[in-house]
Amino acid sequence: MRHLMSPMDFSTEELDQLLNLANDIEKNPSKYAHACAGKKLATCFYEPSTRTRLSFEAAMLNLGGSVLGFSSADSSSASKGESVSDTIRVISCYADICAMRHPKEGAPLVASLHSRIPVINAGDGGHQHPTQTLTDLLTVHSLKGRLSDLTIGLCGDLKFGRTVHSLINALIRYPGIRFVLISPEELKVPSYIREEVLEKNQIPYEEIIRLEDAMEKLDILYTTRVQRERFFNEEDYVRMKDFYILDKAKMELAPKDMLVLHPLPRVNEISVEIDDDPRAVYFKQAQYGVYVRMALILTLLEIEV
Ligand code: NCD
């Protein structure tokens with residue numbers, strides 16, 4: 001039985017297969033409409049979510065399966081003090097596969113150690129968010145036609161942004177990847193990622209503060225929200241929250257074929273005035289999230305269509 005805790009749990013060949021499957025699902029949805037008939041997905045979300053939880057549910061429903069779950073810690077027995085390991089033992093009796101989001105780093109991993117069903121990490125604290133990365137890879141692969149030879153600007157909260165951490169881990173395995181890390185000093189990529197991931201693998205990267213200085217060299221701009229819930233005090237958040245606002249003027253500095261991605265939710269970091277720019281693909285990205293989660297559910301349940 002396989003779980004998904006980090007994008008590194010899949011080899012690049014397996015990732016390719018998963019993305020190909022997602023592309024086929026996009027083209028031929030009816031072929032997959034009953035693939036998970038009789039199967040149940042549990043969504044155990046101890047932290048807020050719109051896209052991740054609902055796209056998992058939509059994915060399972062599109063596959064002809066059913067869904068059950070909870071969407072906040074308050075509405076589960078966690079509020080009575082139940083441990084994640086006890087909860088997953090019980091969920092294993094009710095469902096065939098589980099997507100879990102938790103504010104504590106490593107909680108889905110603990111769950112996987114006690115589970116009889118595949119567990120998917122749907123975001124653990126400021127650590128990883130592998131299914132967002134699968135979504136991001138599918139978006140870039142589908143719209144750019146490649147995952148290699150790309151200059152990727154990662155902008156915003158690179159310290160607490162788990163989507164950024166997972167994406168860096170996944171992308172370094174493709175040739176010709178370079179990163180421009182754009183953040184205020186306080187929100188730089190954690191040193192364990194800089195040292196253990198980027199430097200160890202000799203991945204070219206630069207760290208800069210001004211978004212304007214990066215725009216012209218980027219193939220992809222991956223923007224993120226300042227992660228308010230992970231700050232120790234509100235003043236720091238208020239000081240940081242509007243540090244970057246991507247607007248029309250900045251988009252004029254960018255190549256004509258640069259893509260703007262964002263895992264969403266957006267707060268202020270992308271002005272709505274660029275939503276109609278063909279380079280702004282964050283809503284398409286959310287749609288790709290459904291196809292890739294369908295592919296993931298089929299893969300982990302070992303269902304072949
Ligand atoms: C992200 C997350 O939860 O980490 N959202 C998502 O799943 N699409 C990004 C965020 O909350 O900023």
Side-chain angles (χ1 to χ4, degrees), residues 4-7 22 41 43-59 69-73 98-109 119-140 152-170 181-184 187 189-190 193 220-231 236-237 240-246 259-270 275 280-294 296-297:
L4 178 69
M5 293 298 127
S6 142
L41 164 77
T43 51
C44 299
F45 277 57
Y46 296 83
E47 244 195 9
S49 169
T50 299
R51 266 148 300 273
T52 306
R53 187 170 64 83
L54 297 184
S55 67
F56 260 116
E57 297 194 358
F70 54 86
S71 57
S72 74
C98 172
M100 179 179 286
R101 168 169 289 189
H102 202 286
K104 286 216 177 87
E105 285 82 2
L109 177 65
V119 177
I120 300 166
N121 176 6
D124 62 328
H127 185 218
Q128 297 255 12
H129 192 345
T131 65
Q132 182 63 47
T133 295
L134 299 179
T135 303
D136 303 337
L137 296 180
L138 181 64
T139 306
V140 173
I152 297 132
L154 300 167
C155 177
D157 188 345
L158 310 187
K159 179 178 181 188
F160 296 117
R162 57 193 173 195
T163 62
V164 166
H165 305 161
S166 288
L167 187 57
I168 292 176
N169 268 296
L181 305 175
I182 310 150
S183 74
L187 298 179
V189 156
I193 293 186
I220 307 285
L221 173 61
Y222 192 93
T223 314
T224 61
R225 159 183 84 89
V226 176
Q227 307 279 299
R228 180 181 200 162
E229 64 276 33
R230 316 234 184 269
F231 275 67
D236 286 347
Y237 168 72
M240 295 291 141
K241 73 181 173 65
D242 292 330
F243 204 94
Y244 297 108
I245 298 180
L246 182 63
L259 298 180
V260 182
L261 276 72
H262 191 309
L264 302 176
R266 132 175 85 183
V267 187
N268 272 337
E269 56 284 352
I270 300 182
D275 289 356
V281 297
Y282 27 89
F283 292 114
K284 272 190 199 158
Q285 192 182 348
Q287 173 70 62
Y288 283 120
V290 179
Y291 305 133
V292 93
R293 289 184 174 93
M294 290 171 73
L296 178 65
I297 291 169

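Both counts, for ligands and for their atoms, begin at 1 and track the order of listing.
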Chemist: Enter the distance from Gln128:CD to Asn121:CG here, rounded to the nearest 0.5 Å.
Modeler: 7.0 Å
Chemist: Say whether Gly123 and ligand 1 are in contact under the criterion: heavy-atom distance to a ligand atom below 4.0 Å.
Modeler: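 Outside the 4.0 Å threshold, so no.
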Chemist: Considering heavy atoms of the protein only, find what lies nearest to atom 9 (C) of ligand 1 and give residue, atom and distance to 0.1 Å.
Modeler: Leu264 O, 3.7 Å
Chemist: Looking at non-hydrogen atoms alone, which of His129, His165, Glu229, Arg230 comes nearest to atom 7 (O) of ligand 1?
Modeler: His129
Chemist: For His129 and Arg101, test the side chains for any donor-to-acceptor distance below 3.5 angstrom and give the result as yes or no.
Modeler: yes
Chemist: With salt bridge (Lys or Arg N to Asp or Glu O under 4.0 Å) as the test, pick out the partner of Arg162 among Glu105, Glu229, Glu47.
Modeler: Glu47
Chemist: In terms of the angle between their ring planes, are Phe231 and Phe160 parallel, tilted or perpendicular, with boundaries placed at 30° and 60°?
Modeler: tilted
Chemist: Mark up the atoms of ligand 1 that fall under 4.0 Å of a heavy atom belonging to Thr52, in ascending order.
Modeler: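 Every atom of ligand 1 under 4.0 Å from some heavy atom of Thr52: 6 (C), 7 (O).
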Chemist: Going by the atom numbers of ligand 1, which of them fall below 4.0 Å from some non-hydrogen atom of Gln227?
Modeler: 10 (C), 12 (O)
Chemist: Nearest protein heavy-atom contact for atom 4 (O) of ligand 1: which residue, which atom, what distance?
Modeler: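 Nearest protein contact, heavy atoms only, for atom 4 (O) of ligand 1 is Arg162 NE, 2.8 Å.
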Chemist: At a 4.0 Å cut-off, with the gap strictly under it, does some heavy atom of Arg101 reach an atom of ligand 1?
Modeler: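 Under 4.0 Å: yes for Arg101.
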Chemist: Are the side chain of His165 and the backbone N or O of Leu158 linked by a donor-acceptor pair below 3.5 Å?
Modeler: yes
Chemist: Quick check: does any side chain N or O of Thr224 sit under 3.5 Å from a backbone N or O of Asp157, one acting as donor and the other as acceptor?
Modeler: yes
Chemist: Looking at ligand 1, does any of its N/O atoms fall within less than 3.5 Å of an N/O of Pro263?
Modeler: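 Between Pro263 and ligand 1 (N or O atoms, distance only) the closest approach is under 3.5 Å.
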Chemist: Measure from NZ or CZ of Arg293 to the centre of the six-membered ring of Phe56, then state whether that distance is under 6.0 Å and the direction lies within 45° of the axis.
Modeler: yes
Chemist: Nearest to atom 11 (O) of ligand 1, what protein heavy atom do you find, and at what distance?
Modeler: Arg225 NH2, 2.8 Å
